[in-house]
Visitor: 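Got a structure for you, questions after.
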Amino acid sequence: KIRGFIFDLDGVIVDTAKYHYLAWKKLANELGFEFTPEQNERFKGVSRRRCLEILLEIGNITATQAQFDRWMVGKNEDYLAYVKNMDESEILPDVLKVLNFLKERKIPTALGSASKNAKVILEKVGLLPYFDVLVDGNSVTKAKPDPQVFLIGARQMGVDPANCVVFEDALAGIQAANNAGMVSIGIGDKELLGEADYNFRDFTEIDSDFLTRLISG
Ligand code: G6P
Ligand code: MG
């Protein structure tokens with residue numbers, strides 16, 4: 001019986017990967033190398049710090065601590081310039097349908113994201129009121145596939161992990177949900193997210209029958 005619903009943010013609720021990509025590409029280009037959309041796939045669900053480490057490996061660049069920190073800040077400033085222009089039109093299809101289903105039934109919801117910008121993004125797209133609990137990159141010390149982010153979410157919702165479901169678009173996120181002992185739902189490429197308990201292309205494929213079955217167990 002599912003009693004709490006946990007959502008990843010980037011790639012599940014909004015498609016911010018395109019903005020992360022543009023900001024990382026700008027930095028790569030400034031440092032004199034290319035960064036492709038395919039390479040950006042590896043950045044999904046990965047912390048900002050780890051992304052920069054991978055980017056510098058791709059460019060074969062060694063940095064001083066001061067340079068590293070400056071590039072982290074610069075990338076985030078560029079990213080936030082895109083975020084500033086976001087509005088509710090960027091909510092992915094039928095996400096609101098699912099959130100309203102849960103709200104009408106007063107079922108606890110949590111956001112479980114690696115992003116330190118999660119709150120401002122939810123504010124921009126008007127979804128902050130839909131979440132009872134926010135767990136983001138500011139409150140976790142261990143990255144997905146470690147279950148920490150989702151376990152904190154469950155605890156703050158007051159729901160046993162075994163009674164939680166997680167929506168995720170990244171393999172590390174599905175693994176984190178599985179490691180937490182939760183029901184995992186892959187949103188996106190089924191080939192990539194085969195470890196999930198359920199797979200859907202996007203929320204348009206999730207109907208109220210499926211949600212009703214989850215909550216009535
Ligand atoms: C999400 C995205 C990643 C991003 C990470 C950190 O997990 O999928 O691509 O690197 O959040 O985001 P932040 O907003 O803190 O830089
Ligand atoms: Mg994601």
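Atoms within a ligand are numbered from 1 in the order they appear, just like the ligands themselves.
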Visitor: Is any NZ, NE, NH1 or NH2 atom of the basic residue among E77 and K26 found under 4.0 Å from an Asp or Glu carboxylate oxygen of the other?
Guide: no

Visitor: Taking a cutoff of less than 4.0 Å between a non-hydrogen atom of the residue and any ligand atom, is G11 in contact with ligand 1?
Guide: no

Visitor: Is the closest N or O pair between S115 and ligand 1 shorter than 3.5 Å?
Guide: yes

Visitor: List the steps and the verdict of side-chain contact (heavy atoms from CB on, under 4.5 Å) for L128 and K119.
Guide: CA-CA 7 Å; L128 203 50; K119 191 171 180 193; 4.1 Å; yes

Visitor: Using a heavy-atom cut-off of under 4.0 Å, does the side chain or the backbone of C51 touch ligand 1, or both, or neither?
Guide: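 Within the 4.0 Å criterion, C51 contacts ligand 1 through side-chain atoms alone.
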
Visitor: Which ligand 1 atoms, with their elements, are less than 4.0 angstrom from a heavy-atom of K116?
Guide: 13 (P), 14 (O), 15 (O)

Visitor: Find, among atoms of D8 that are N, O or S, the one nearest to the Mg ion (ligand 2), and state its name.
Guide: OD2

Visitor: At the Mg ion (ligand 2), what is the angle formed between atom O of D10 and atom OD1 of D169, rounded to the nearest 10°?
Guide: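 Value, to the nearest 10 degrees: 90°.
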
Visitor: Nearest 0.5 Å, what's the CD-OG1 distance between E34 and T36?
Guide: 8.0 Å

Visitor: Can you report which non-hydrogen protein atom sits closest to atom 16 (O) of ligand 1, along with the distance?
Guide: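 Scanning the protein heavy atoms, the shortest distance from atom 16 (O) of ligand 1 goes to R48 NE, 2.8 Å.
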
Visitor: Can an N or O of N117 be found at a distance shorter than 3.5 Å from an N or O of ligand 1?
Guide: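 Yes; at least one N/O pair falls below 3.5 Å.
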
Visitor: Tell me: protein heavy atom nearest atom 7 (O) of ligand 1, and distance?
Guide: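 Checking every protein heavy atom, the shortest distance to atom 7 (O) of ligand 1 gives G45 CA, 3.2 Å.
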
Visitor: Using a 4.0 Å cut-off to any heavy atom of A114, which atoms of ligand 1 qualify?
Guide: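 Taking each heavy atom of A114 in turn, ligand 1 has 6 (C), 7 (O), 11 (O) under 4.0 Å.
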
Visitor: Only heavy atoms of F43, strictly under 4.0 Å: list the atoms of ligand 1 that pass.
Guide: 3 (C), 9 (O)

Visitor: Which option out of D136, V46, D10 puts a heavy atom nearest to atom 10 (O) of ligand 1?
Guide: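 Selected option, by shortest heavy-atom distance: V46.
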
Visitor: Could you walk me through whether K75 and E30 pass the salt bridge (Lys or Arg N to Asp or Glu O under 4.0 Å) check?
Guide: CA-CA 11 Å; K75 184 272 172 179; E30 282 166 8; over 6 Å; no

Visitor: State plainly whether one hydrophobic cluster holds both M182 and F200, where clusters connect Ile, Leu, Val, Met, Phe, Trp and Tyr through side-chain heavy atoms under 4.5 angstrom apart.
Guide: no

Visitor: Looking at D207 and K97, does any basic side-chain N land under 4.0 Å from a carboxylate oxygen?
Guide: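 K97 and D207: not salt-bridged.
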
Visitor: Do F43 and Y21 have ring centroids that are under 6.0 Å from one another?
Guide: no

Visitor: Within a 6.0 Å radius of atom NZ on K116, are there more than 12 heavy atoms belonging to other residues, nucleotides or ligands?
Guide: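 For K116, atom NZ is not crowded (no more than 12 foreign heavy atoms under 6.0 Å).
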
Visitor: Please confirm whether the ring centroid of F7 lies under 6.0 Å from the ring centroid of F167.
Guide: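 Judged by ring-centre distance (under 6.0 Å), F7 and F167 do meet the cut-off.
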
Visitor: Heavy-atom contact under 4.0 Å between G137 and ligand 1?
Guide: no

